Structures are given as structure tokens and as C-alpha cells.
Peer 1: 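I'd like to ask some things about the structure below.
Just so it is clear, the model here is predicted, and its values are computed rather than measured. Lettering follows sequence order; numbering is per chain, from 1.
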There are 2 protein chains.
Amino acid sequence: MPCFSRTFTVTTDDPLALDHFLCFAVYSVSHAFTRVYKPLLDRLGLTYTQYLAMAVLWERDDQTVGSIGERLHLESSTLTPLLKRLEQSGYVARARDPADERQVRLSLTASGRSLKAKAAHIPACILKATGLSLRELSRVKADLEKLRHALECYEGK
Amino acid sequence: MPCFSRTFTVTTDDPLALDHFLCFAVYSVSHAFTRVYKPLLDRLGLTYTQYLAMAVLWERDDQTVGSIGERLHLESSTLTPLLKRLEQSGYVARARDPADERQVRLSLTASGRSLKAKAAHIPACILKATGLSLRELSRVKADLEKLRHALECYEGK
DNA sequence: TGCAATATAGTCGTGTGCGATTCAATTGCA
DNA sequence: TGCAATTGAATCGCACACGACTATATTGCA
């Protein structure tokens, strides 16, 4: 591309430069979050994704694999092994729904319910780590939710 | 399928509610990006992370595993197998640096260099998928970079 | 100069993630 | 009612992602 066709030329003009990728910003923040969570979750015996699954069940107990997956945007191929590990850890119980034997219902054990209290301090720790005010956090989160919606609408086109 | 309008606002005080998690917003957008990229990258024979690694090399050829890892915030245990797969695909060459045999230098092959032209249309496709203007995209990206910096500073404390 | 400390990739084990497929249960319709 | 289509979870293969560890090369300092 000849230079005369451009109003100004900078080294960062290249659209394929990593620093232009919104996706990379999201990707790297996601990993950074996981690393901040790790020491906090290690003490609960949870991985990051397991923590998300527990949060879904803390909100509403007794859900199917499918409904948890819909909430977390994850496939059964991801969730089934993960939920089996949570069962191994003693936090959830898995049982076929007698009314519809295709479904598997996940319910919290006593240990899983009491884990919520042990996790109660985490959101404040994370908020501190983000260095954001609650207002800023809300705004960034809203931007991301709007973005997720747009990306999901675009899929399959 | 596309466009379930699940952008309802939940009114709960529970800090452990999934909808309060900034991390989950980031996490789910990251996966949504991957899913939008997939059909575009399939035609190039790249995975999403491989695409990021190629972008790093398109910016500057002939880098070590370490410098690529620093750029992408990834460990050698992640990069080594990934770069070997890029070598298998014929896009990069791997060679020990004669001046320092500890380092492995990655360089683009002719095929790897010409792949950049085949990827040139992708950023515009992604921009369209985000539904954002360039200005909005810049703002969200800046917010995320600031956030990543805060999280990385917090690590190890 | 010798050797301990450090740096750099690589290996291994565990845990996501997903697409393609499978299997069993349920549904719907001729 | 019978059976084809659909649904829900599980399985399998592949590719990240990282922590802990290893092997080799280099550096730095007594």
C-alpha cells in the first residue's frame, strides 16, 4: 500500500498489530483474573471454573447440567467432567432426574452450602485487586455484557 | 443460536451472585471472541492462540520463546507445544540461537509471512462482530489494559 | 578460574474448553 | 400406537494453560 493514499503513517497502523486487538485485551485480562483468584480459591479446593459453577448453584440449588451450562456459556463436554470433580470434592451431588431420566440434577451438599460462607470474603479481595471503584466496575461490566451480546448475535452468520 | 436477550438486570445484594462478577463478564466475552474467530481462523489452519502468536511474529520476526511469552503473558509450558504445532503447519521455523544455546528463536517461513495477507480481512470482520465503533472499541480496550495492569500489580501480594 | 546461581526451554500432570459423536430417554406426529 | 425426530448428558480427541520440575547453557563472583 503506497504511502500517498494515507493521511498519516505510523508504525502502529497495521490492523494486525497485537495492541489493536480488543480480543487480546479481553483474553489477557481473563488470564490475569484467574491468576489473582488462584491463591484465594486454592484454600477452598476449587479451580476458577469450579468456583463459577458453585456460584451458579449458590444462587439456585438443584439445577441440571444444561441450565448450569446455559448460565456459564459452557458445553456439557466441559461441565460433565468438572461437575464430577466437584462431586469428588464433596461439594455437590449428581442424580438423574426421576421425572426425566435424560437430565442430571446437581444439588449442593452440606459441605457445598457451607463453602459459600468461606468464599464470602473473595469478592471484596477481587474488587481491591481490580483497583476500580464500584461505579467503574459496573460500567466496564456493562460494556462487556453488551459486547458479549453483540458477539453472540454475530455467531453463526 | 443467536440473540437470546438475556441482558436482564438482576436485583440481588449477594456479592457472590454471578451477575456481579466482573471476572465472569471478561471470561465469557473471551470465549465468545474465540467462537467468532473460529470459522475465520479455520480457513487459515490456525487456532486462536496460534493466531496471537503469529501476530507477535508478524510485528517482529525472529523472536525467542521468552519474548513471545512475555508479549502474550504465556509460559513456555504453553508456548513450546503451540510453537511446535506452528512449525508442523509450516508457518514458523525453530532454531537454537548459536550465540546463546539456551534460547530458541522463532522465525517466519515464507508461508508464515504470506499468511499475513490471508489474515488481513479478519480485523474488520471482528470489528463488525463487536458492534462497536472504533472509538468505543478503543475506550473498552483502554479500560481493560488498565485493569490488566492493576491485576498484575496485585499478583504476588 | 571454578563453581554456584541464574536463565531458558522443555516435560509432565491436571484441568479446562469445544466439536463431533454416541447413547438413552422423551416427544411428537402420521 | 409406533416409530422417527429431538433432547440431554456423556465420551473422545485435540489444543490450550499453568505449576512444578528438569536439563542445559550462561553468568557472576569469590
Peer 1: List the residues meeting ring-ring contact (aromatic ring centres under 6.0 Å, His included) with B:F21, not counting sequence neighbours, and say none if there are none.
Peer 2: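 Only A:Y51 meet the ring-ring contact (aromatic ring centres under 6.0 Å, His included) criterion with B:F21.
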Peer 1: For B:R139, give me all partners under side-chain hydrogen bond (donor to acceptor under 3.5 Å, both in side chains), at least two apart in sequence or on another chain.
Peer 2: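 A:D143.
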Peer 1: When the C1' atoms of the five terminal pairs at each end define the local axes, what inter-axis angle does the helix from C:dT1-D:dA30 to C:dA30-D:dT1 show, to 10 degrees?
Peer 2: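 Here the helix ends are tilted 0° relative to one another.
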Peer 1: Can you list everything that forms a side-chain hydrogen bond (donor to acceptor under 3.5 Å, both in side chains) with B:E59? Sequence neighbours excluded, please.
Peer 2: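 Here the qualifying residues are B:R71.
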Peer 1: Please list, chain by chain and in numerical order, all residues satisfying side-chain contact (heavy atoms from CB on, under 4.5 Å) with B:E136, sequence neighbours excluded.
Peer 2: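 Here the qualifying residues are A:K146, B:L132, B:S133.
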Peer 1: Filter on side-chain hydrogen bond (donor to acceptor under 3.5 Å, both in side chains), then keep only pairs touching residues 113-122 of chain B, sequence neighbours left out; what's left?
Peer 2: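 Of all non-adjacent pairs touching residues 113-122 of chain B, those that pass side-chain hydrogen bond (donor to acceptor under 3.5 Å, both in side chains) are A:D14-B:K116.
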Peer 1: Once each nucleotide of nucleotides 7-17 of chain D is scored for protein heavy atoms under 4.0 Å, what B/S/- sequence comes out, 5' to 3'?
Peer 2: BSBBBB--SSB
Peer 1: Is there a side-chain contact between A:F33 and A:I126, using heavy atoms and a 4.5 Å cut-off?
Peer 2: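 Side-chain contact under 4.5 Å: yes.
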Peer 1: Quick one: list whatever passes side-chain hydrogen bond (donor to acceptor under 3.5 Å, both in side chains) with B:S67, sequence neighbours left out.
Peer 2: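 Checked B:S67 against side-chain hydrogen bond (donor to acceptor under 3.5 Å, both in side chains); matches are B:Q63, B:T64.
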Peer 1: Counting any heavy atom closer than 4.0 Å, what does B:A53 reach on the DNA or RNA strands: base, sugar-phosphate only, or nothing?
Peer 2: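 Counting heavy atoms under 4.0 Å across all strands, no contact is made by B:A53.
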Peer 1: Sequence neighbours left out, what passes side-chain contact (heavy atoms from CB on, under 4.5 Å) with B:E145? Give chain and number order.
Peer 2: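 B:E145: side-chain contact (heavy atoms from CB on, under 4.5 Å) contacts with B:K141, B:R148.
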Peer 1: Taking only residues at least two apart or on different chains, which pairs with a member in residues 30-45 of chain B satisfy side-chain hydrogen bond (donor to acceptor under 3.5 Å, both in side chains)?
Peer 2: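 Applying side-chain hydrogen bond (donor to acceptor under 3.5 Å, both in side chains) to every pair that reaches into residues 30-45 of chain B, excluding sequence neighbours, yields B:K38-B:D42.
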Peer 1: Show me the donor-acceptor pairs within less than 3.5 Å that the side chains of residues 83-93 of chain B make with the rest of the protein, sequence neighbours left out.
Peer 2:
unit_1, atom_1, unit_2, atom_2, d
B:E87, OE1, B:R94, NE, 3.1
B:S89, OG, B:R85, O, 3.0
B:Y91, OH, B:L44, O, 2.8

Peer 1: From the 5' end of DNA chain C to its 3' end, which nucleotides mark the outer limits of contact with chain A, defined by a 4.0 Å heavy-atom distance cut-off (strictly under)?
Peer 2: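 Endpoints of the contacted stretch of DNA chain C: C:dG15 to C:dT26.
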